[in-house]
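To start, the structure itself, in structure tokens.
Only heavy atoms go into these numbers, but all of them, side chains included; no hydrogens, no water, no symmetry mates. Counting convention: from 1, in listed order, for ligands and their atoms alike.
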Amino acid sequence: MSEPIPFSTALRERSSSAHSGSEGAGFMTDLMRGKGTRDDYVALVAQHWFIYEALEHAASRMLMDPVAATFISDKLTRLPALEIDLEFLIGPDWRERIAPLPTTERYVARIREVAATWPGGFVAHHYTRYLGDLSGGLFIGKLMARQFGFETNGIGFYLFGDIADPAAFKDRYRAQLDAAPWDEAEQQRVIDEVLVAYQFNTDLFADLAAAKARGHASVVA
Ligand code: HEM
């Protein structure tokens, strides 16, 4: 009999086309290819603030759950870095000058909903953002630094100072996914929620492109 596929592998395989959809969104590819502006980048950072505020608030509540808690680590926490980046990019009044786009509002509402009720759903959102940040995110940070002349200010979000070996960290994270005591039905629900999380990220890039066409007026005042 062949070995069953580990859950983390199934998850990666089942979400790989959704990943391509997020990765290939026009707003993101333009930014990566040097066709984006500093304002585009700032608009993205601003949306990240709302998303991580919800995710990390949820994480503080999910520490009570024995399964969810195994995924939560201070080393991942992004909100303080995002706040320093926004202060650098926008100024001390950054909080009054940023607003969530419609997809961000829906994304945040979904994170709040699952985090209150469903540990597996929380893990789905946690995985989609942080494993992405520790993968393509590291590369994106370097590209943004080069394009916009940042050193560390402005790209702190992409610098995981407490994670010396991201590949080893991700391997441990995948081992935790494999060890989670979820039956097949629950594993399926978690995968479905990861697909929902990817869709929010893809839709967010469409919102950001639309906001760009309006001069980012609704994102950064
Ligand atoms: C231009 C944008 C992007 C690039 C270049 C990129 C690139 C990559 C690469 C190279 C990997 C594989 C790393 C490895 O094998 O360990 C990866 C994994 C991942 N990415 Fe992205 N990515 C992008 C956008 C996104 C977005 C928008 C999300 C969702 C928010 C995302 C979520 C993930 C996740 C969850 C993984 C881990 C998959 C796994 O191993 O289980 N990525 N990304």
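Residues R106 and D203 are paired through a salt bridge, judged by an N-O separation under 4.0 Å between the basic side chain and the carboxylate. Look at D192 and R189 and you find no salt bridge, because none of the NZ, NE, NH1 or NH2 atoms lies under 4.0 Å from a carboxylate O.
Atom 21 (Fe) of ligand 1 is closest to atom NE2 of H19 (considering only N, O or S atoms).
Where the criterion is an N or O separation shorter than 3.5 Å, residue side chain and backbone included, R129 fails it with respect to ligand 1. Ligand 1 has no nitrogen or oxygen under 3.5 angstrom from a nitrogen or oxygen of S22. Residue T128 has no nitrogen or oxygen atom sitting less than 3.5 Å from a nitrogen or oxygen atom of ligand 1, judged on distance alone. By the 3.5 Å distance cut-off applied to N or O atoms, R174 is counted among the residues near ligand 1.
For atom 10 (C) of ligand 1, the nearest protein heavy atom is 4.0 Å or more away.
The ligand atoms of ligand 1 that sit less than 4.0 angstrom from a heavy atom of M32 are 1 (C), 5 (C). Every atom of ligand 1 is numbered from 1 in the order shown, and the set under 4.0 Å from a heavy atom of M28 is 1 (C), 2 (C). Remark: ligand 1 atoms within the under-4.0 Å shell around heavy atoms of K170 are 13 (C), 14 (C), 16 (O). Residue S135 approaches ligand 1 through these ligand atoms, each under 4.0 Å from one of its heavy atoms: 11 (C), 13 (C), 17 (C), 18 (C), 19 (C), 43 (N).
Heavy atoms from other residues, nucleotides or ligands lying under 6.0 Å from CG of D74 number 12 at most.
In this comparison of G137, A25, G136, G24, the heavy atom closest to atom 7 (C) of ligand 1 sits on G136.
Closest to atom 41 (O) of ligand 1, if we only count protein heavy atoms, is Y127 OH, 2.5 Å. When hydrogens are left out, the protein atom nearest atom 5 (C) of ligand 1 is E23 OE2, 3.5 Å; that is the closest non-hydrogen contact. Looking from atom 15 (O) of ligand 1 to the surrounding protein, the closest heavy atom is R12 NH1, 3.6 Å.
Between Y158 and F150, a ring centre-to-centre spacing not shorter than 6.0 Å is recorded.
Classification of the F205-F27 ring pair by plane angle, with boundaries at 30° and 60°, yields parallel. Using the six-membered ring where Trp is involved, F157 and H48 have ring planes that are parallel, under 30° apart on the 30 and 60° scheme.
Side-chain contact between L55 and Y130: present, with at least one pair of heavy atoms (C-beta onward) separated by less than 4.5 Å.
Remark: side-chain polar atoms of E193 are not paired, donor with acceptor, to backbone N or O of G120 under 3.5 angstrom.
Note: Q47 CD to F200 CZ = 13.5 Å, rounded to the nearest 0.5 Å.
Relative to the six-membered ring of F160, R78 meets both conditions, a distance below 6.0 Å and an angle of at most 45° to the axis.
Contacts with ligand 1 closer than 4.0 Å are made by side-chain heavy atoms of I140 only, the backbone lying farther away. Contact annotation: for Y198 versus ligand 1, heavy atoms closer than 4.0 Å belong to the side chain alone.
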